[in-house]
Amino acid sequence: MEQEKQAFARVMTTEMGKTLRSAVEEVVKCTWVCRCYAENAESFLADEAVETGAKRSFIRYQPLGPILAVMPWNFLFWQVLRLAAPALMAGNVGLLKHASIVPESALLIEDLFRRAGFQDGSFQTLLISAREVDKILGDPRVAAATLTGSEQAGIEVGIGAAKRIKKVVLELGGSDPFIIMPSANLELATSTAVKARIFNNGQSYIAAKRFNTHESIAEKFEHLFREKMAALKVGDPFEPSTDVGPRSTPDGLADLEPDVRKTVEAGARILTGGRRLDRPGNFYAPTVLVNIPKDSLAYQEELFGPVASVFRAKDIDNAIRIANDSRFGLGASAWNSISAEQEKFINQLDAGMVFINRMVASDPRIPFGGVKWSGHGREMGSLGIKEFTNSKTVWVEQG
Amino acid sequence: MAIATVNPATGQLIKSFEPLSSAQIEVKLEKAFDTFGTYRHTPFSERASGMMKAASIFGAGKASLCPGHDHGNG
């Protein structure tokens, strides 16, 4: 078992550069989502009685058909499995168009379901270019689609689905806020802030990207955060001691560099990092930016790499205003120990997920998804498995 | 973009793949559609058995799946 887990993880690290340690964790998490849905799908999809006065009235959840899954390279196993496990348990079948840079992982996942005894054709990988996606989505045999990826890819698949009146779930970008108030455990919050920014080499939609601290603790936080970010070990993702591996593609690195440079030209200041590393591979130094102007790229866009944008807030209302001043609305993490403040964060943050005193993380037991430009629909939990079902209304009277 | 594995830590091309032809895509679509016709009627117990097998192939023991599991993944 251990050998198999390591083999999957090594392919993941080779294909997109995540640390081997985190690749192993991702494999473990895939096990978790398979078990969760194996154990709970039947109860999630049980007939749901509705009191109407009819002899019997209820909702029955039935599968839709072949689901086209367009998936990204960053969590190359996990993001496929969190779709595949509920979709297959609901009785659908899957067609995977994975990112072009992770073909071996895509084929391994197809093979996994074959080895697990699923019918041939239950889950198939399509090694195709992005250009083919719309044609496949338009095929009448394909019932619905799901995409995790960029806004642009989401728009294209969303339009493609709309043209054919097909169900679509979109999990797109995020620029998640990470808010720290004076009542927080600052040391724990700061350590978690580092992890929340750099996991997966900074390439996660739910990574904390905008750090927003109350001004009374801002100086201390910035000092601690800078120290911890500067101390991270960047290097070979196969080395157990490596904290941050490379960006997954040269293009990703080429996009990140000007985003940081232009933000600095607009007036931001670099506390640490701010440069690519002078070595082969797509390596970028963990970076902390402060004094970020509102009209800069770091304020407006999602920086997809190990770059943290740090802001200061006058009070909780100001912290929430800064957090919500983004077109994205995926996750949000708020750190404080006052219950009234916690309620305010829960109610007022424009996000699909709010975590209090914890970093945003996906979990197969609870729904995952965003609002605004972060997409629509939910994955995981009982809501996730119902996305790709026909919620059939049934009304039965005495014959 | 080419369909290929390139090690991002070194820039080395590991393996490249030819995209499926239209005919190969058609075979896969037809297979998916045909499979759905029967698979949709399989009982939950059968699907769950396959899913548990998939979990075991991933190679992690049940003990490692604690509720406090906190990976940031995606």
Side-chain angles (χ1 to χ4, degrees), chain A residues 1-2 4-5 14-17 25-32 34-35 37-38 41-42 63 65-66 75 78-79 85 88-89 91 93 95 100 103-104 112-113 115-119 121-122 124 126-129 139 141 196 199 204-205 236-237 245-249 280-282 359 361-362, chain B residues 1-12 14-22 24-62 64-67 69-74:
Chain A
M1 273 186 6
E2 184 60 30
E4 191 100 57
K5 185 166 67 178
T14 301
E15 290 207 295
M16 58 67 68
E25 289 173 351
E26 187 169 333
V27 175
V28 173
K29 199 160 176 176
C30 290
T31 308
W32 191 19
C34 290
R35 285 189 192 278
Y37 278 109
E42 187 168 8
F75 293 99
W78 169 241
Q79 272 159 325
L88 287 169
M89 283 306 302
V93 301
L95 290 162
S100 295
E104 295 194 63
L112 171 93
F113 285 113
R115 289 166 62 196
F118 283 89
Q119 291 178 28
S122 300
Q124 301 177 85
L126 305 173
L127 291 181
I128 55 172
S129 73
D139 190 288
R141 291 166 291 191
F199 73 91
S204 170
Y205 302 116
D236 180 356
R247 287 292 326 266
S248 295
T249 64
N282 314 319
M359 64 185 273
S362 56
Chain B
M1 181 181 275
I3 301 172
T5 296
V6 177
N7 185 336
T10 62
Q12 184 194 359
I14 307 293
K15 193 172 180 182
S16 57
F17 295 80
E18 281 299 311
L20 297 180
S21 65
S22 297
Q24 289 170 316
I25 293 171
E26 170 59 27
V27 168
K28 295 231 179 199
L29 284 170
E30 191 60 24
K31 188 184 274 186
F33 189 70
D34 283 351
T35 303
F36 175 65
T38 53
Y39 179 73
R40 65 178 302 174
H41 299 298
T42 55
F44 278 108
S45 58
E46 188 179 320
R47 296 176 205 163
S49 168
M51 202 55 68
M52 292 301 265
K53 181 79 193 305
S56 70
I57 293 170
F58 272 125
K62 195 166 187 175
S64 62
L65 306 174
C66 59
H69 193 88
D70 185 19
H71 303 146
N73 306 64

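Basis for what follows: all heavy atoms, side chains included, without hydrogens, waters or symmetry-related copies. Here is how names work: the chains are called A, B, and so on, in the same order as the sequence lines, proteins then strands, and each is numbered from 1.
With hydrogens and angles disregarded, no donor-acceptor distance shorter than 3.5 Å links the side chain of A:Glu42 to the backbone of B:Phe44. A donor-acceptor pair under 3.5 Å is formed between the side chain of B:Lys53 and the backbone N or O of A:Arg115.
The distance from the CE atom of B:Met52 to the CZ atom of A:Arg35 is 4.5 Å, given to the nearest 0.5 Å.
Among residues two or more places apart in sequence or in another chain, the side-chain hydrogen bond (donor to acceptor under 3.5 Å, both in side chains) test is passed with B:Gln24 by B:Ser21. Taking the salt bridge (Lys or Arg N to Asp or Glu O under 4.0 Å) definition, one finds that A:Asp139 meets it with A:Arg141, sequence neighbours left out.
Inter-residue side-chain proximity for B:Arg47 and A:Tyr37 is flagged as unmet; no heavy-atom pair is nearer than 4.5 Å. Two residues are said to be in side-chain contact when any heavy atoms from C-beta on lie closer than 4.5 Å; A:Phe118 and B:Glu46 fail this criterion. Under the 4.5 Å side-chain criterion, counting only non-hydrogen atoms from C-beta, A:Glu4 is in contact with B:Ile57. Using a 4.5 Å heavy-atom threshold, the side chains of B:Thr10 and A:Pro280 count as separate. No side-chain heavy atom of B:Lys31 sits under 4.5 Å from any side-chain heavy atom of A:Val93. Side-chain contact between A:Val28 and B:Phe58: absent, with no pair of heavy atoms (C-beta onward) separated by less than 4.5 Å.
For A:Gln124, the part sitting under 4.5 Å from any heavy atom of chain B is the side chain, from C-beta outward, and nothing else. Using a 4.5 Å cut-off between heavy atoms, A:Pro63 touches chain B through backbone and side chain atoms alike. For B:Ile14, the part lying near chain A is the side chain, with the backbone staying farther off; criterion is any non-hydrogen pair under 4.5 Å. Of the atoms belonging to A:Met16, it is backbone heavy atoms, and not side-chain ones, that fall under 4.5 Å from chain B.
Contact record, A:Ser100 with B:Ala2: CB-O, 3.5 Å, taken as the closest heavy-atom pair. The shortest heavy-atom contact between B:Pro8 and A:Pro246 is O-CB, 3.6 Å.
Most heavy-atom pairs under 4.5 Å with chain A, from the set B:Phe17, B:Tyr39, B:Phe33: that is B:Tyr39. Note: B:Ala54 leads B:Ser49, B:Ala54, B:Ser45 in heavy-atom pairs under 4.5 Å with chain A. In terms of heavy-atom pairs under 4.5 Å with chain A, the best-connected choice from B:Glu26, B:Glu18, B:Lys15 is B:Glu26. Of the listed residues A:Gly281, A:Gly245, A:Ala38, the one with more heavy-atom pairs under 4.5 angstrom with chain B than any other is A:Ala38.
Partner B:Ile25 forms a side chain to side chain contact (heavy atoms under 4.5 Å, CB included) with one of A:Ile128, A:Leu95, A:Leu127 and no other, that one being A:Ile128.
A side-chain donor from one of B:Thr5 and A:Glu15 sits under 3.5 Å from a side-chain acceptor of the other.
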